[in-house]
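For reference, the structure is listed below as structure tokens.
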Amino acid sequence: CVIRKIQERTVLQKMLEHVLKNIEKKDPQQFFAWPVTDNIAPGYSAIITNPMDLSTMRQKIDDNEYKDLQDFMEDFKLMCTNAMKYNHADTIYYKASKKLLHAGLKLALPEKVGWILQFMP
Ligand SMILES: CC(=O)c1cc(-c2ccccn2)c2ncccn12
């Protein structure tokens, strides 16, 4: 049997996990929790070429695919701007994504995460 090596979580992974958890708290309706399907959003995959959602971001943290906080925030911004592109401005999804974008950017400010940067190699 292959013993799965328990990967050490890097300081960056721990920091991104912390930011992600706080972003998830800002999406109580879980609009951004999972990939948007063409079933719930007709024509979505034809309009949005680079889909992104919070479960995918969590998987990327676990797979250590983000090289720094900016890299992670690029995916967060992509997720929000996708929602503003597909959904009209008068929809709950557009409004929720605009609110989430601003709240999320604040969470990534130096005064919010700077304390951990001192522990990074
Ligand atoms: C994020 C997004 O664009 C979205 C999430 C959803 C969504 C997410 C969870 C449950 C129900 N709807 C959605 N539904 C229709 C059109 C767009 N959306």
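Numbering of ligands and ligand atoms starts at 1, following listing order.
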Distance from atom 7 (C) of ligand 1 to nearest protein heavy atom, with residue and atom:
Ile40 CD1, 3.6 Å
Please state which part of Asn87 comes within less than 4.0 Å of ligand 1, counting heavy atoms only: side chain, backbone, both or neither.
side chain
Proximity to ligand 1 by part of Val36, non-hydrogen separation under 4.0 Å
side chain
For Ala41, the ligand 1 atoms with a heavy-atom partner under 4.0 Å come out as 16 (C)
Near Phe31, which atoms of ligand 1 are under 4.0 Å from a heavy atom of that residue?
1 (C), 5 (C), 8 (C)
Might you check, step by step, whether the distance between atom 10 (C) of ligand 1 and some protein heavy atom is under 4.0 Å?
no
Only heavy atoms count here, so choose which of Phe32, Tyr93, Tyr94, Tyr86 is nearest to atom 4 (C) of ligand 1.
Tyr93
Are Lys85 and Asn82 linked by a side-chain donor-acceptor pair shorter than 3.5 Å?
no
Do side-chain atoms of Asn22 reach the backbone of His18 as a donor and acceptor pair under 3.5 angstrom?
yes
Determine yes or no for a side-chain-to-main-chain donor-acceptor pair under 3.5 angstrom, with Asn87 supplying the side chain and Tyr93 the backbone.
no
Salt-bridge present (Asp62, Arg9; N to O < 4.0 Å)
yes
Could you tell me whether Glu74 and Lys77 make a salt bridge, using a distance below 4.0 angstrom between a side-chain N and a carboxylate O?
yes
Which atom names give the shortest non-hydrogen contact between Leu20 and Leu54, and what distance separates them?
CD1-CD2, 3.8 Å
